[in-house]
Trainee: 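Next up is a structure, given as structure tokens.
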Amino acid sequence: NTFLIWLMYILQVYICFFAFTETAHLSFMAATVIVVFGSIGVITVPGGTLSVAVRNGAIVYTDLTQDEPLFVRECMARFGTMPNRSQPPPVMARAVQHFIESGRFRGKLDLSGVPPFQRRVLLQALEIPRGEVRTYQWLAQAVGQPRAARAVGTAMAHNPIPILIPCHRVVRSDYRIGEYGCGGPAKKRELLQLEGVDLDLLERMASGGLRFLGSRTTRIFCLPVCSAARRIRDDNRVYLTGTEAALAVGFRPCRRCRPA
């Protein structure tokens with residue numbers, strides 16, 4: 001198995017919280033995340049500094065690339081108030097720890113300032129498992145707007161809570177990486193590699209105009225990095241160019257990754 005197996009996740013958090021004494025409460029957390037993972041042996045990889053703004057107990061804004069002064073200025077521009085330091089709520093620390101361990105954030109998020117369509121797309125992206133990707137087209141279909149792939153791309157580009165809402169797990173419809181507003185394509189590639197995504201496979205499929213992987217034995221076809229697709233032996237793999245091609249030769253879609 002060439003995929004990276006996550007062995008442990010250590011969250012070392014050096015937290016500076018800001019809180020308003022006014023009714024409109026905002027907090028700020030700068031968390032340095034160290035991720036330990038491995039396949040053979042153990043490799044320590046710095047995940048960077050994730051800055052998190054919290055308002056009324058819910059995360060409202062994050063950024064992976066800004067330093068603290070710039071992040072505070074951005075908070076002021078977005079929310080119109082200067083934050084002050086305070087202690088992080090234990091429930092928030094537990095939610096971040098759970099994200100590091102599971103790859104899915106289950107804490108409170110504040111998307112009240114986000115338009116309805118973008119909110120639906122972001123909440124759908126929140127469910128993408130670690131180690132997998134979905135396409136803009138897939139997300140458009142998942143929210144009931146199959147012709148809105150471009151709008152989905154715009155929604156991802158303006159994600160106010162990157163990393164925790166994992167827009168880095170959303171790629172172009174041809175499986176090329178695409179842009180990333182929280183550090184550019186190189187950072188997106190780095191994050192996906194840390195999460196165990198087989199980027200070489202995605203690039204081969206993109207170059208060959210391929211969309212799905214099928215199994216000769218089960219006659220099921222999947223998105224290329226679905227966990228079920230990873231279990232298909234090389235000699236049982238069938239590369240498919242699209243839904244119609246898959247259905248025409250007797251394959252049925254995977255119920256887990258819902259490729260069609």
Trainee: Using side chain to side chain contact (heavy atoms under 4.5 Å, CB included), reason through Val171 and Arg176 one step at a time and then give a plain yes or no.
Mentor: CA-CA 6 Å; Val171 299; Arg176 298 194 187 279; over 6 Å; no

Trainee: Drop me the distance from Leu164's CG to Arg104's CZ, to the nearest 0.5 angstrom.
Mentor: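 Spacing of CG (Leu164) from CZ (Arg104) equals 14.5 Å.
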
Trainee: Got Glu179 and Pro185 here, is their nearest side-chain heavy-atom distance under 4.5 Å?
Mentor: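 Of all side-chain heavy-atom pairs linking Pro185 with Glu179, at least one is under 4.5 Å.
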
Trainee: Measure the CZ-CE distance between Arg78 and Met76 for me, rounded to the nearest 0.5 Å.
Mentor: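 Going from the CZ atom of Arg78 to the CE atom of Met76 covers 14.0 Å.
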
Trainee: Take Val54 and Lys108 through the test side chain to side chain contact (heavy atoms under 4.5 Å, CB included) and record every step on the way to the result.
Mentor: CA-CA 9 Å; Val54 179; Lys108 292 179 64 177; over 6 Å; no

Trainee: Show your reasoning for whether salt bridge (charged side-chain N to carboxylate O under 4.0 Å, His left out) applies to Arg211 and Glu244.
Mentor: CA-CA 11 Å; Arg211 294 296 173 266; Glu244 291 184 4; over 6 Å; no

Trainee: Using only atom types and a distance under 3.5 Å, with no angle test, would you say the side chain of Gln118 pairs donor to acceptor with the backbone of Ala155?
Mentor: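 Yes; at least one donor-acceptor contact below 3.5 Å.
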
Trainee: Would Leu122 and Arg119 count as a side chain to side chain contact (heavy atoms under 4.5 Å, CB included) here? Give the steps.
Mentor: CA-CA 5 Å; Leu122 292 175; Arg119 188 180 310 127; 5.8 Å; no

Trainee: Donor-acceptor pair, distance only, cut-off 3.5 Å: does the side chain of Gln124 make one with the backbone of Val143?
Mentor: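 Between the backbone of Val143 and the side chain of Gln124 there is no qualifying donor-acceptor contact (under 3.5 Å).
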
Trainee: Give, for atom CG of Asp110 and atom CZ of Arg55, the distance between the pair rounded to the nearest 0.5 Å.
Mentor: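 Separation between the atoms: 4.5 Å.
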
Trainee: Any chance you could measure Arg134, atom CZ, to Cys167, atom SG, to the nearest 0.5 Å?
Mentor: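 Spacing of CZ (Arg134) from SG (Cys167) equals 15.5 Å.
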
Trainee: Between the main-chain N or O of Gln141 and the side-chain N or O of Arg147, is there a donor-acceptor pair closer than 3.5 Å?
Mentor: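 No, Arg147 side chain to Gln141 backbone: no donor-acceptor pair under 3.5 Å.
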
Trainee: Within a strict 4.5 Å, meaning less than it, do heavy atoms of the Ile161 and Leu111 side chains meet?
Mentor: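 Side-chain contact under 4.5 Å: yes.
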
Trainee: Determine whether a donor-acceptor pair (N or O, by modelled atom type, separation under 3.5 Å) exists between the side chain of Lys187 and the backbone of Cys182.
Mentor: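 No, Lys187 side chain to Cys182 backbone: no donor-acceptor pair under 3.5 Å.
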
Trainee: With the 4.5 Å side-chain cut-off for hydrophobic clustering, are Leu70 and Tyr61 part of the same group?
Mentor: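 The answer is no; the residues belong to distinct hydrophobic clusters.
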
Trainee: Can you name the nearest heavy-atom pair linking Leu126 to Ile165, along with the distance?
Mentor: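 Of all heavy-atom pairs spanning Leu126 and Ile165, the closest is CD1-CG1, 3.8 Å.
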
Trainee: Please name the pair of heavy atoms, one in Leu223 and one in Cys257, separated by the smallest distance, quoted to 0.1 Å.
Mentor: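 In terms of heavy atoms, the two residues are closest at N-SG, 3.3 Å.
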
Trainee: Is any side-chain heavy atom of Arg233 closer than 4.5 Å to a side-chain heavy atom of Ser215?
Mentor: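 No; the side chains remain at least 4.5 Å from each other.
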
Trainee: Might you point out which heavy atoms bring Phe117 and Val152 nearest each other, and give the distance in Å?
Mentor: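 Shortest heavy-atom contact: CZ-CG2, 4.0 Å.
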
Trainee: Is any side-chain heavy atom of Ile128 less than 4.5 Å from a side-chain heavy atom of Val133?
Mentor: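 SC-SC contact between Ile128 and Val133 ruled out.
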
Trainee: Honestly curious: do Val114 and Ile59 fall in one hydrophobic cluster under the side-chain, below-4.5 Å linking rule?
Mentor: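 As far as the 4.5 Å side-chain criterion goes, Ile59 and Val114 are connected within one cluster.
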
Trainee: Establish, yes or no, whether the cationic atom of Arg172 lies under 6.0 Å from the six-membered ring centre of Tyr136 and within 45° of the ring axis.
Mentor: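 Not flagged: Arg172 not positioned over aromatic ring of Tyr136.
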
Trainee: Can you name the nearest heavy-atom pair linking Arg230 to Gly196, along with the distance?
Mentor: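 Shortest heavy-atom contact: NH2-O, 3.8 Å.
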
Trainee: Kindly compute the distance separating SG (Cys222) from CZ (Arg231), expressed to the nearest 0.5 Å.
Mentor: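 It comes to 8.5 Å.
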
Trainee: Which atoms form the tightest heavy-atom contact between Phe221 and Pro253, and what is the distance?
Mentor: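 So the two residues come closest at CE2-N, 3.4 Å.
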
Trainee: Cluster question for you: counting only ILVMFWY and a side-chain heavy-atom cut-off of under 4.5 Å, with indirect links fine, are Ile220 and Met205 together?
Mentor: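 No, because Ile220 and Met205 fall into different hydrophobic clusters, even though each may have its own neighbours under 4.5 Å.
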
Trainee: What pair of heavy atoms forms the shortest contact from Pro224 to Tyr175, and how long is it?
Mentor: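 Nearest pair, atom of Pro224 first, then Tyr175: CD-OH, 3.1 Å.
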
Trainee: Answer yes or no: are there more than 12 heavy-atom neighbours, outside Arg150 itself, under 6.0 Å from its atom CZ?
Mentor: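 Not buried by this count: 12 neighbours or fewer within 6.0 Å.
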
Trainee: Is there side-chain contact between Leu199 and Leu192, with at least one heavy-atom pair below 4.5 Å?
Mentor: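 Yes, their side chains come closer than 4.5 Å.
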
Trainee: Among Glu132, Glu127, Glu195, exactly one meets side chain to side chain donor-acceptor pair (under 3.5 Å) together with Arg169. Which residue is that?
Mentor: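 For Arg169, the side chain to side chain donor-acceptor pair (under 3.5 Å) check succeeds only for Glu195.
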
Trainee: Under a 3.5 Å distance rule, please check whether Trp138 uses its side chain to pair with a backbone N or O of Arg258 as donor and acceptor.
Mentor: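 Yes, the answer is positive, given that a donor and an acceptor are paired below the 3.5 Å cut-off.
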
Trainee: Taking the six-membered ring for Trp, are Phe212 and Phe251 ring centroids under 6.0 Å apart?
Mentor: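 Centroid distance Phe212-Phe251: not below 6.0 Å, so no.
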
Trainee: Rounded to the nearest 0.5 Å, what separates atom OH in Tyr180 from atom CG in Asn159?
Mentor: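 Answer rounded to 0.5 Å: 7.5 Å.
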
Trainee: Answer yes or no: is there a side-chain heavy-atom contact under 4.5 Å between Ile163 and Phe105?
Mentor: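 Not in contact.
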
Trainee: With side chains defined as the heavy atoms from C-beta onward, is the minimum distance between Lys188 and Pro162 less than 4.5 Å?
Mentor: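 No; the side chains remain at least 4.5 Å from each other.
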
Trainee: In plain terms, say whether Arg130 and Glu101 are close enough for a salt bridge, that is, a side-chain N and a carboxylate O under 4.0 Å apart.
Mentor: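 A salt bridge is absent here (no side-chain N lies under 4.0 Å from a carboxylate O).
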
Trainee: So do Val238 and Leu213 actually touch side chain to side chain, heavy atoms under 4.5 Å?
Mentor: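 Answer no - side chains too far apart.
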
